[in-house]
Amino acid sequence: MRLGFAAKVTGRPGLKEADGRRWQNNPHLSVSLTYLEAIFDYLRDEHITMYRISSRIAPYITHPQLPQFHHQIEECAEQLARLGERARAQNLRLSMHPDPFVVLNSPHEAVYAAALRDLDYHARFLDALGAGPEAVVVLHGGGVFGDKAAAMARFVDRYLRLPEHARRRIVLENDEKSYSVPDIVAIHQQTGVPLVLDNLHHAVNNPDHLTIAQAADLCLPTWPQGVTPKVHFSSPRREDRVVRRRDKSSGKTLLAEVAPLASQHADWVDVDEFVAFLGETGRWRYDVMLEAKQKDSALLRLRGELAARGIVTE
DNA sequence: CGATGTCAAGGAATC
DNA sequence: GATTCCTTGACATCG
């Protein structure tokens with residue numbers, strides 16, 4: 001079992017995940033890839049073997065008004081191939097997760113078109129690394145648009161019509177609001193798309209009251225032979241947190257303490273909850289993407305706590 | 001330099 | 001129909 005984390009590194013100062021400058025300053029994938037190389041060094045040093053690459057790694061690559069950014073993958077082909085080689089050399093499983101406004105089943109043609117551009121980009125990025133089939137693009141079901149059956153049918157139809165290189169990469173994750181485990185199972189049955197089980201989303205969006213074991217029994221066998229399935233794991237935030245929010249009378253941004261929503265990720269992973277999850281899903285083999293706010297620091301802490309209990313991860 | 005405003009992008013809930 | 005929230009932190013700019 002591999003443990004992974006997403007995008008941002010907290011455990012070593014100075015590591016960035018993407019060239020985040022505004023378009024006026026000509027950010028570029030080639031800069032992001034120098035950052036990614038430094039992250040790979042860190043992952044190697046810490047023996048971390050799974051990592052989600054930020055979708056912002058290629059700035060503005062699908063922006064319709066900024067064509068000068070559209071060929072960054074081609075422009076960085078050699079650099080990408082070298083990094084892919086490195087990832088394989090250090091046994092690193094990679095993935096990506098498009099932002100929530102990539103909505104494949106939107107009834108708005110322009111949104112659909114943008115989703116197609118984005119999925120093409122994510123797939124081509126992983127292809128340019130030469131990544132194997134374990135490197136997936138994790139997608140959500142999208143919107144409901146007042147008619148869930150129609151929205152799901154639209155997802156199925158559009159998924160089946162995706163270009164092959166994109167369809168090959170995509171896996172579908174249950175979300176915290178619209179598409180529960182039984183929903184994505186129904187989509188799987190019509191498409192064959194592999195399913196990612198997210199424990200926290202399942203906890204807050206579980207209309208059929210399935211146990212986590214039942215949910216795992218539905219999701220994990222959807223992966224093809226030879227590709228280790230993946231799950232997302234996080235603990236729910238329980239403490240209030242400080243956020244910046246706009247005050248509507250003054251129009252100013254202020255700090256405020258707000259209570260957590262049930263669906264929000266905690267800073268760290270609760271080892272007891274994690275061990276319980278392992279116990280309930282013990283008949284399956286899978287890798288775990290941790291979605292804790294403290295990212296790699298949470299991973300390293302959890303790994304230590306697991307080792308103290310005699311549970312060793314890859 | 002610290003504080004605050006801004007950023008490409010969607011959807012849903014609320015009024 | 002317009003506004004706000006979800007949520008993301010880093011960048012950019014202002015005082």
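By convention in this document, chain letters (A, B, ...) are assigned in the order of the sequence lines, proteins followed by strands, and residues within each chain are numbered from 1. None of the values given here were measured: they were computed from a predicted structure.
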Between [X] and [Y] (salt bridge meaning N to carboxylate O under 4.0 Å), is one present in this structure?
{"X": "Arg86(A)", "Y": "Asp41(A)", "result": "yes"}
{"X": "Arg301(A)", "Y": "Asp267(A)", "result": "no"}
{"X": "Arg21(A)", "Y": "Asp19(A)", "result": "yes"}
{"X": "Asp296(A)", "Y": "Lys8(A)", "result": "no"}

Within the 4.0 Å heavy-atom criterion, would you say [X] contacts the bases, only the backbone, or no part of the nucleic acid?
{"X": "Arg21(A)", "answer": "sugar-phosphate"}
{"X": "Arg56(A)", "answer": "base"}
{"X": "Asn25(A)", "answer": "sugar-phosphate"}

When rounded to the nearest Å, what value does the distance between [atom1] atoms of [N] and [M] take?
{"N": "dC11(C)", "M": "dG10(B)", "atom1": "C1'", "result": "23 Å"}
{"N": "dG9(C)", "M": "dA12(B)", "atom1": "P", "result": "24 Å"}
{"N": "dA3(B)", "M": "dC6(C)", "atom1": "C1'", "result": "25 Å"}
{"N": "dT8(C)", "M": "dG2(B)", "atom1": "P", "result": "26 Å"}
{"N": "dT7(C)", "M": "dT4(B)", "atom1": "P", "result": "24 Å"}

query: Which sits closer to the 5' end of DNA chain C, Glu176(A) or Lys8(A), going by the nucleotide each is nearest to?
result: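 Result: Glu176(A).
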d([atom1], [X]; [atom2], [N]) in whole Å:
{"X": "Gln65(A)", "N": "dA8(B)", "atom1": "CD", "atom2": "P", "answer": "11 Å"}
{"X": "His97(A)", "N": "dT7(C)", "atom1": "NE2", "atom2": "P", "answer": "13 Å"}
{"X": "Trp23(A)", "N": "dA8(B)", "atom1": "CH2", "atom2": "P", "answer": "9 Å"}
{"X": "Gln294(A)", "N": "dT8(C)", "atom1": "CD", "atom2": "P", "answer": "12 Å"}
{"X": "Leu66(A)", "N": "dA8(B)", "atom1": "CG", "atom2": "P", "answer": "9 Å"}

- request: Looking only at non-hydrogen atoms, find the nearest pair between Phe233(A) and Ser235(A) and report the distance.
  value: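 Between these two residues, the closest heavy atoms are CE2-OG, 4.3 Å.
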Pairwise N/O distances under 3.5 Å, protein to nucleotides 13-15 of chain C:
none

- request: Return one dot-bracket line describing DNA chain C 5' to 3' (Watson-Crick or G-U wobble pairs, both distances under 3.5 Å; ( ) same strand, [ ] crossing, | another strand, . none).
  value: ||||||..|||||||
task: Mark yes or no: Arg93(A) above the aromatic ring of Tyr51(A), with NZ or CZ under 6.0 Å from the six-membered ring centre and no more than 45 degrees from the axis.
output: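 Negative - Arg93(A) is either too far from the ring of Tyr51(A) or too far off its axis.
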field: Residue-phosphate contact under 4.0 Å: Lys293(A) side-chain N/O, dT7(C) OP1/OP2
entry: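 No, Lys293(A) has no side-chain N/O under 4.0 Å of OP1/OP2 on dT7(C).
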query: Looking only at side-chain N and O atoms, does Lys16(A) come under 4.0 Å of OP1 or OP2 in dG9(C)?
result: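 No, no such contact exists.
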Can you give me the N/O atom pairs linking the protein to nucleotides 10-14 of chain B at distances under 3.5 Å, or say none if there are none?
unit_1	atom_1	unit_2	atom_2	d
dG11(B)	OP1	Ser106(A)	OG	3.0
dA12(B)	OP1	Val144(A)	N	2.5
dA12(B)	OP1	Phe145(A)	N	3.4

Do the side-chain N and O atoms of [X] and [Y] include a donor-acceptor pair separated by under 3.5 angstrom?
{"X": "Tyr179(A)", "Y": "Asn205(A)", "answer": "no"}
{"X": "Thr222(A)", "Y": "His188(A)", "answer": "no"}
{"X": "Glu75(A)", "Y": "His28(A)", "answer": "yes"}

task: Please work out which of the three classes, parallel, tilted or perpendicular, describes the rings of Phe277(A) and Tyr286(A), given edges at 30° and 60°.
output: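 Rings of Tyr286(A) and Phe277(A): perpendicular, over 60°.
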task: Kindly say whether the aromatic ring centers of His122(A) and His165(A) come within a distance under 6.0 Å.
output: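 Centroid separation for His122(A) and His165(A): 6.0 Å or greater.
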Stepwise salt bridge (charged side-chain N to carboxylate O under 4.0 Å, His left out) check, Arg124(A) with Glu74(A): CA-CA 10 Å; Arg124(A) 284 192 300 113; Glu74(A) 294 85 337; 3.6 Å; yes
